[in-house]
Each structure stands twice: as structure tokens, then as C-alpha cells.
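One structure is given below, encoded as C-alpha cells.
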Amino acid sequence: MRLAAQILKYSRLLIIAALFVGLTLASPVFLTGSNLINVVRQTALLAVLGFAMTLVILVGGIDLSIGSVLALSSCLAASYLKEPSTIVIGTIICLGVASACGFLNGLMVAKIKLPPFIATYGMSWMTRGLALVFMGGNIVYGFPKTFRFLGAGYMLGVPTPIWVMTIAFTVLYVVLHMTKIGRNVYATGANKEAAFLSGVKTDRVVIGLYTMAGFLVGLGALMYISRLNAAEPGIGESFALEAIAATLIGGTPFTGGEGGISRTLTGAFILTLLSNGMNLLGVSSLWQSAVFGSVIIFAIMLERISKKLGND
Amino acid sequence: MDGKCILRMCDITKTFPGMIALNKVCFDLNEGEVHVLVGENGAGKSTLMKILCGVYGKDNGKINLCGVDVEVKDTKHAEGLGISMIHQEFNLLPFRNVAQNIFLGREPVKGPLKVLDEERMHKEAKSLLLSLGLNLDTKTLVKELGVAQRQMVEVAKALSMNAKVLIMDEPTATLTTREIEQLFATIASLTNKGVSIVYISHRMEEIFRIADRITVLRDGLFVATVEDPSSITMDELVAMMVGRRIEKRFEKPPVELGKEVLRVDGLSSGGKFEDISLYVREGEIVGISGLVGAGRTEVARAIFGADPKDKGKISLFGKEIKAGNPGTMVSKGVGFVPEDRKEQGLALIMSVKDNIVQASLDKVSTGPFINGPKEKKVAKRYVDELRVSTPSVQKLAKFLSGGTQQKVVIAKWLASGSRVLIFDEPTRGIDVGAKQEIYKIMGDLVKDGVGILMISSELPEIISVCDRIYVMHEGRITGEVMQTDANQELILGLAMGKEVVQ
């Protein structure tokens, strides 16, 4: 039993190791520099969106509006980002719109007491609709080089998205694990009533987290359209589900108060490895969805068993 | 009405893990009588009645109904036998109409296809309600009815099952005076038809008004059945309920009482409590006594700012606090140990350390950053001081025993330096040894000049621990008793709404 418990505790590292070994044997392309950089680059966007999702899941919430907010904020900012002289304004608009959407989500959840699922589901339709209306069937494409640097460029030989993700991770990690704010986040997630009765302003914590999640979505929007070199209202349909998948596979439970962004980083990496491997092996994208679904369920089953064996 | 005996419960015993809820209790019921069942909180009244109507199984004893021994399997079976209970929280479906509720699961049908006979259902429902003196449209949805009308629907439902025994658990708790008169009229007409009623109540006046007989339970034991209620006084009845067990559990150290730390003036909150005024001084332990549902916890939460108040003033250390919320109250030196430590006091999935420093993060932080070694030191200090039995401060709170968890909650408020502490049922559900330790901690706190406001349902506890006791009844303070004058009869009398001139 002890051994089983230990294995389960490090199950995610084992899964990554197994994927590495398996894919190296199965595909000659896998273990090449360019492919690995590709994997890490894709991980970066998923991780940033996963962090956003993890923040709200930590307090027992969820944010289904991630993909649509990403589309709206990038569409509103796109025309500014296209002109080198207004890139800064565009960036501010993108981050500002996404943060505002997050703030509204937080208000609906904390103050109006809507279930997070419903509040963010509604927000998702609203923002998607607004993005479609605003663009009126048009697409913005062809961003200047300075902006494309964010999604497609390199700094000191490392793709820029990885820098962005690393900075986001570091800041969030420090705040969540070393500050009073972070402690109040976990306390609110673990037992909101007890935190409230200990003097924590739990409503502010919740609103703050949804707003921060919105900001990260804005950051993801910039990374995504910069790489895509285009902005259109239909982007990011699957992002909310992928972000949830990264969080769950990483091992942050829906119940709140446990887990964190380092787990989500692992989860995002596993998902990207899987997807990369299946692409290399020529598995159709239709099958890939089915595989992801079963991986999520499997990961959560492992989690449950691990809990039963007393890993806390 | 003196009818023949239709129900006899003999030597009923029921144990729950760690306690004996009923010990060889006897109870009998005559045809067409109102038999009142009284006792303190936890005396076993509800347990006895739940056994009768099949909610709980019994460990031992016999139930004899109309001369036949029966084993009540479940509530459905009980209803079939003609035993129905009207609960305090009604078992009605709010979005179904009156007739649908009355005949739920037993709808009249017609024809070979067993189609619902809507017409007959409404007709029968109507006549049942009319027999109770209630002219109500049977198509009204239950959610649109008032409490009194819902109660009548419940009674009609019971009658539709040919109830011979009707158990009413504090039926007047939420009724207005006029509605109570109506209920009593209904009860009279029911007993005239030969229905027998077991009536659980805490209200002295009404007990003496409607009781044909009174049975008293205490601590799961049968005390007595009073055959003629007019032969005893209220005080005698209260004395039977509390018995003669006064044990001194706790000697509060002699403490010089200081300045007022907490004052509450005219605090009201819509329907929950009204016009509450109280004060607590340095070094004083002040109790709030009362029956379950009297509004004690609601008052405590409003003082702490956890629930809004409609009216009234709260002052700390002589200064009025305007918009109170737990955040400001904590920063001003107030702590709250809630009733339900697992749900409200602790984050079970967090460590002992995290729980202890939760209300004093400012003290263990440098700027925004938590100082790891410092918070560990603080946590260790209080773990040692309160003798919290945990292998390490990293242990998750969920692995600790109830008494130890309670100490962690108290440690949280010691760490935050609280000068006013509100305890809501601090010793509920913890063992005797841990109780003594909690009392001792309270003693040490008042020696340091902390003021304590404590809610407790246990009369012996509140009498031996508190310097002064406020007693609440239905949202109001009905009396203030000094420890030297306190006895269980006096407090229970006040808690049950007996007017006392002081």
C-alpha cells in the first residue's frame, strides 16, 4: 500500500516520463530540438489559460467564458495592434476588456450569488455575440513585426511565449504561496464561511480572482493572435474546456482550497505532449478529443484513489 | 375526554453512538386526548416520537397499538397504522397545489387505465379542509400559503390517511396569536372525533391550556406522567423537567471586573430577534441562554457583523462601530467561536498552523509576505499553551478530534489577540475531559481581562461558568440573572417565556 501511495503521489511525473520514452521510440521526430520547442511553446498558451481557470477553481468556481472573452478582447484590440504606433493602446484595450469581463463574472458570483457555471456561461454567449457584432464578418490579419514578437518571436534563443508564461507563473506562485492574499485565497476556497468568520473579506477575494483570471485571458489573447497573425470572432471555442482539462489533469480538484498553478503547469504539459504525440503518429483530430476525455476521467480517478490511500 | 388507551409504548430504549437517548421510557395515549410531552433540549422527546412514527428503529421495548404489538418499520408503515407526525419543517411540495399535496402518492384514480380522478381529489380535499374549518381553494399552490395554512394542509393530509394518532412537534412555534386560537379550535374538533394528539411544546401557557395529561422526560429518562395538569403549578412542572442535579463543573478564578468592552443597544433584525440590549465587561463571562430557535446564534452573528442588522447600536470599548463586518470586528479585537466548528470554525483541509494564524496574518507578515518561521513559531506557541494534541502544526485539521479542533479555533483568536470573545456552544459534542480544558482556557482568558459572551444550551454549564446570564425567548431577552441568583428552574422558566418580575 505504501508503495502504491507513493507511486500515485508522483503519478504525473511518471506519466510525463512514460510519454517521453514512448514517443521517442514511436516517432523519430519527437526528440528533436524543433519539436520540443514547439511542445513547450504550445504549453505556454494553454498554461496561461489554465492558470486563469485554476485561480477560480481554487475558490470552488469555474470560468466558462475564457474562450469567448479571449475572442472579444482580441477583436476589440486588433485594429489598434495592427498599427505599430498604437500597439500600446491595443495591448491596454485587450487586457482591460478581458479584466473587465472577469470583474463582471466576479461580481455576479460574489454579490449577486449566481452559480459560477451560469454566470460565466452567460458571459460566454454575451462576449461571443459582441465579438461577432463588432467584427461584422471581417477578419483582422497581418500584424506588425513588433507585435508578432510576443507570440512568434524569440528572446535569448527561447520563444517569447515561454518567457511570458514563466513570468506569469512566478508572479502567481509568489502571490499564492508566500503572501497574505494567497493564504486568504486558499482559506476562502477551503471553507468560505470559516474564512469569512475569521475576518477574510471573501467577496473581495472572489471578485479579485475572477478579475485576475480575466487579465490572464487578455494576456493569452495577445499571445494567441500574435502567433496566429489574425483576429476573428470565432477563435478560442475550445479554450475553456482545455483550460479545465489542464487544471484537472494537473490535480486541482473542483472542490476548492487545494492544488495550485504548478500542478496546472504539469497538466498543460501532459496535454500538449499527448496532442503533439498523436499529431506525430498521425492520429486524427477526431480521435484526439476522445483520448483527452478519457485522460481527464482517468486522472481524476487516480486522484480519488490517491486520496483514499492517504496522500494529502 | 376520557377514552380507552389506544397506544402504549413500554420500556423504549434507544442508543446513539456515545449516548443513551432513551432509557426504558414509557408513554401511553388515550383515545381523543391531548397528551403533552415536555422536557429540556435533548431530553428525548423528538427521539421518542421519531421511533413511534418509524423514523428511527428502537433498540428495545414494545409498542402496542389498539391492543396489538407492532413493529413500526418506516414512516409509510406508521402512516398505514394511523400514526402521522406534523413536523416543524413541513413536508409539503411548494410547487404543487393543496389537493395534490394532501393526496401525494395516494391519488384517487378512475377507470381501467387508472387515470387520475382530478375531480374527486379536489372534492375530497375540500371536504377534509372544511372539516378543519378551513375554506381554501384546493388549487392554490402550497408556496402561496401562510405557515398556519400549510400546517392545516399537513393535518388534512394526516386525516386523509385516517390518522388515529397525530404528533405535533411545536406546532405553534411560528404562528401568530390568532392562528394559535384557530389551531386550538381544530385540535378540539379533532379530539372530539376521537383522534389522539401528542403535543410537543415549550410554551408553558399553552401547555396548561390544552393538556389533558403531561408526560415529562429528562435526559432520556421517564420522569412522570401528570394525570391532572390543574393539580400542579408551572414551577413544579419546570422543577420536574430540570430535576435536582446541580453539579459545580467549573470554578471561575476571582477576577476584578473592569470597563465595558462590548455594549449592544436595541439590536433588531427582521423576524429573527428584537430589541436586544446587553453588555460585557473586562474579565466577565456573560451567558446567553434559551431554547433552540430562540435567536441566540443570530444575535451573536449580528454582533460580529456576519449578518446584517436592521436597527441598534454596537459599541466596542466605548466606541460605536458603524458598519460592522467580521473583518473590522476582528481588527478591533473581537473573536467568534462558531457553533459548528467543522462547517464554520475551521478549514478542515488546511493545516493546524494555517488555521491558527488565519485571523492574524498581519502579525506574522512583513509587508505583503508571510514570514514562514514566524507563523510557525506563533502556531507552536498556541499549540503548547492550549495543549492542542497534534503531532505537528502541519497536520491537517480534519485529522484531529472534536475537542482538539475546538482548541485550534480558540487558538486562532488567542493568536489574533482578541479582547472580546463570542463562544457559541463551545463544548457541544466534545468529551468531558476536553470540556474541562475549554473551561480552564476561558478562565485564563478572563484573568487576562478578556470579556466573554457565551451561548450555551446546557443549563448546568451556563450556570456554573457565567457571571451573568441573559435569557432569550422567541427573539427577545426575557431576563437577566446574576450567577448568585441563578438556578435551572428560573432560567428554564424565562426561556419558556414565563414572565418574571424582578
Side-chain angles (χ1 to χ4, degrees), chain A residues 5 9 57-60 110-111 113 170-209 212 251-260 263 303-304 306-312, chain B residues 300-301 304-307 325-351 353-372 375 394-399 405 408-409 412-413 415-416 418 422 424:
Chain A
K9 195 170 177 183
I57 285 181
L58 274 180
V59 287
K111 294 293 185 191
K113 315 267 180 228
T170 313
V171 171
L172 289 174
Y173 190 89
V174 169
V175 171
L176 283 177
H177 296 287
M178 296 178 183
T179 68
K180 290 184 279 191
I181 298 173
R183 187 62 61 78
N184 287 339
V185 168
Y186 277 92
T188 303
N191 185 340
K192 193 169 173 206
E193 182 69 9
F196 176 67
L197 291 178
S198 300
V200 178
K201 298 192 167 62
T202 49
D203 283 355
R204 274 194 216 174
V205 169
V206 170
I207 294 171
L209 286 170
M212 189 62 210
T252 298
F254 264 130
T255 44
E258 287 176 277
R263 297 197 192 181
E303 196 65 34
R304 290 279 154 85
S306 172
K307 269 243 166 84
K308 273 208 184 116
L309 293 179
N311 279 331
D312 268 300
Chain B
R301 284 180 63 96
F304 191 59
D307 289 334
N325 61 54
T328 49
M329 295 311 265
V330 169
S331 67
K332 301 224 185 292
V334 185
F336 182 50
V337 178
E339 194 176 4
D340 185 338
R341 54 189 167 267
K342 285 189 190 347
E343 292 293 324
Q344 303 171 332
L346 289 169
L348 292 175
I349 55 170
M350 292 176 86
S351 68
K353 170 195 69 122
D354 289 355
N355 274 293
I356 291 179
V357 300
Q358 185 58 56
S360 46
L361 290 178
D362 285 339
K363 290 186 185 161
V364 296
S365 300
T366 322
F369 296 101
I370 292 176
N371 182 331
E375 65 164 344
Q394 303 291 357
K395 192 91 179 161
L396 298 191
K398 66 176 168 186
F399 295 119
Q405 287 177 340
V408 172
V409 182
K412 170 167 74 185
W413 298 117
S416 85
S418 298
I422 304 170
D424 192 354

Whatever's closer than 4.5 Å to a heavy atom in chain B on A:Lys201 counts as side chain
Can you say whether B:Arg341 sits under 4.5 Å from chain A via the side chain, the backbone, both, or neither, judging by heavy atoms? neither
Among A:Asn184, A:Val200, A:Ile181, the one residue meeting side-chain contact (heavy atoms from CB on, under 4.5 Å) with B:Leu361: A:Asn184
Before giving the answer on side chain to side chain contact (heavy atoms under 4.5 Å, CB included), spell out for A:Val174 and B:Phe369 the whole-Å C-alpha distance, their side-chain angles and the decisive distance to 0.1 Å. CA-CA 9 Å; A:Val174 169; B:Phe369 296 101; 3.6 Å; yes
What part of B:Val409 lies closer than 4.5 angstrom to a heavy atom of chain A: side chain, backbone, both or neither? neither
In terms of heavy-atom pairs under 4.5 Å with chain A, which of B:Gly345, B:Pro368, B:Ser416, B:Gly327 leads? B:Pro368
Search all heavy atoms of B:Ser365 against all heavy atoms of A:Lys180 and return the closest pair with its distance. OG-CG, 3.3 Å
Would you call A:Glu193-B:Arg301 a salt bridge at under 4.0 Å N-O? yes
Please report the closest heavy-atom contact between A:Ala190 and B:Ile349, naming both atoms and the distance. CB-CG1, 3.7 Å
Honestly, the part of B:Met329 sitting under 4.5 Å from a heavy atom of chain A is neither
Heavy-atom pair with the smallest gap, counting every atom of B:Pro326 and A:Phe196: CB-O, 3.1 Å
Take atom CD in B:Gln394; do more than 12 heavy atoms of anything else shown fall under 6.0 Å from it? yes
Which atoms of A:Val175 come close to chain B, meaning under 4.5 Å heavy atom to heavy atom: side chain ones, backbone ones, both, or neither? neither
Report which part of B:Asn371 has an atom under 4.5 Å of a heavy atom belonging to chain A: side chain, backbone, both, or neither. neither
Using non-hydrogen atoms only, which part of B:Asp340 is less than 4.5 Å away from chain A: side chain, backbone, both, or neither? neither
Taking the side chain as everything from C-beta on, heavy atoms only, tell me whether B:Lys342 gets closer than 4.5 Å to A:Asn191. no
Which heavy-atom pair separates B:Lys412 from A:Ser198 by the least distance, and what is that distance? NZ-OG, 2.8 Å
Any side-chain heavy atom of B:Ile370 sitting closer than 4.5 Å to one from A:His177? no
